[in-house]
Amino acid sequence: MKISSMSKKLRKPAIVANWKMNKTISDALQFVDECRKMFKEISVDRVDVVLSPPYTAIKAVSDAIGNDNIAVAAQNLYWEEKGAFTGEVSASMLADSGCKFVIIGHSERRHQFGETDEGINKKIRSAIHGNLSPIFCVGETLQQREHDETFKVIRDQVEKGLDGLSEEAVSTLLIAYEPVWAIGTGKNATPEQAEEVHGFIRSILRETYGRSVSETVRILYGGSVTPENVSNLIKEHNIDGALVGGASLKADSFVKIVAGTFDILK
Ligand code: 13P
């Protein structure tokens, strides 16, 4: 399957696999091998494909993908460059291991590891300083949505996370909207629900950084993305790709998700 040269999308779609705390090195290498065989049959150069292994498999995955059209992301980092921070990993260490991207502020980190907007802001700054593109995650809980607080929560997370960053810095990042109630639940946001929040995030970027930056930043959707629902989500104007958890663990379903974006590139 070849993708036509005309894209209906302004921004290049990105499909990011977030493996979370899954896969040994050999599991990861097997995935890359399977993926690569399937990617040979489909042309993926109009989609950015990113794999986020656990720290232990980053180097092995980045060596294995070589010059393939796949990039590697870490799932977290610490904002200091080096020093006495037992258990932490810095931006330069991740870049040294082959990462081009880093996920920052995932809701599992916010809720299970107590990450704050202030800490997330420091992580975003250190990632950009270390030449990594942050994939900055935001999203409301079910309770917040039910209390009509979605827009307030999202504005707060976006503004605090990006506080003090220049236009140039902001244009290097991706934002992932991941409603907490849709993560790992099998209950994805509808395309309309997601588009409403994506459009809102883009309007915040426009207010603060201007039109050109707001039109550059890719906003991904995450939360129970599957091969079945991805095309309908990505058809929406402001949805520029997906951050995928469970359905990214098997090469077969991940490749189908990547292929699902082709519908909207025709
Ligand atoms: P699921 O795709 O398993 O819902 O996870 C989404 C996610 O948290 C990606 O970062």
Side-chain angles (χ1 to χ4, degrees), residues 13-23 27-28 31 35 47-55 57-58 61 70-77 94 99-113 115 120 123-124 127 132-142 144-145 150 153-154 157-158 161 173-191 193-194 197-198 201 218-234 236 239-261:
I15 301 292
V16 183
N18 177 8
W19 289 346
K20 308 190 179 183
M21 199 172 73
N22 292 289
K23 294 194 188 296
D27 295 338
F31 180 102
C35 240
V47 179
D48 279 338
V49 177
V50 183
L51 304 177
S52 320
Y55 286 137
I58 286 174
V61 168
I70 302 175
V72 179
Q75 300 173 19
N76 185 26
L77 85 171
L94 296 175
C99 288
K100 296 273 185 295
F101 297 87
V102 56
I103 298 171
I104 296 177
H106 191 281
S107 68
E108 285 149 18
R109 298 224 50 92
R110 291 177 188 264
H111 298 296
Q112 296 180 45
F113 299 96
E115 291 205 4
I120 289 165
K123 289 184 176 192
I124 292 175
L132 297 173
S133 295
I135 302 170
F136 165 39
C137 303
V138 297
E140 81 287 0
T141 62
L142 182 59
Q144 290 164 335
R145 178 162 278 264
T150 300
V153 169
I154 298 293
Q157 291 175 344
V158 171
L173 54 81
L174 290 83
I175 295 180
Y177 169 55
E178 297 208 306
V180 179
W181 47 272
I183 296 178
T185 58
K187 248 176 70 177
N188 64 290
T190 63
Q193 282 173 320
V197 178
H198 283 230
I201 293 171
R218 288 176 290 179
I219 307 176
L220 313 182
Y221 168 78
S224 299
V225 172
T226 63
E228 289 72 37
N229 62 25
V230 68
S231 336
N232 278 339
L233 287 158
I234 295 191
E236 297 291 338
I239 303 184
D240 306 312
L243 180 53
V244 190
S248 76
L249 292 173
K250 293 224 158 63
D252 179 46
S253 75
F254 181 63
V255 171
K256 281 189 186 140
I257 289 174
V258 174
T261 62

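Please read all numbers here as calculations on a predicted model, not as lab measurements. Remember, it's 1-based here, ligands and their atoms both numbered in the order they're listed.
Short contacts between ligand 1 and Glu178, defined as distances under 4.0 Å to a heavy atom of the residue, involve ligand atoms 6 (C), 7 (C), 8 (O), 9 (C), 10 (O). Ligand-side atoms of ligand 1 in range of Gly184: 1 (P), 3 (O), 4 (O), range being under 4.0 angstrom from any heavy atom. In the vicinity of Gly223, heavy-atom distances shorter than 4.0 Å reach the ligand 1 atoms 4 (O), 6 (C). Of all atoms in ligand 1, listed by their number and element, those nearer than 4.0 Å to a heavy atom of Asn18 are 9 (C), 10 (O). Heavy-atom proximity to Gly245, at under 4.0 Å, picks out these atoms of ligand 1: 1 (P), 2 (O), 3 (O), 5 (O), 6 (C), 9 (C). Interface of Leu243 with ligand 1, defined as ligand atoms under 4.0 Å from a residue heavy atom, comprises 9 (C), 10 (O). Near Ala182, meaning under 4.0 Å from one of its heavy atoms, ligand 1 places the atoms 4 (O).
At under 3.5 Å, not a single nitrogen or oxygen of Thr185, backbone or side chain, sits near a nitrogen or oxygen of ligand 1. Where the criterion is an N or O separation shorter than 3.5 Å, residue side chain and backbone included, Gly246 meets it with respect to ligand 1.
The aromatic rings of Tyr177 and His198 sit perpendicular, their planes meeting at an angle over 60°, well past the 30° parallel limit.
Ligand 1 has no atom lying under 4.0 Å from any heavy atom of Ala176. A heavy-atom separation below 4.0 Å is found between Ser224 and ligand 1.
For the residue pair His106 / Glu178, a side-chain donor-acceptor distance below 3.5 Å is found, with atom types taken as modelled.
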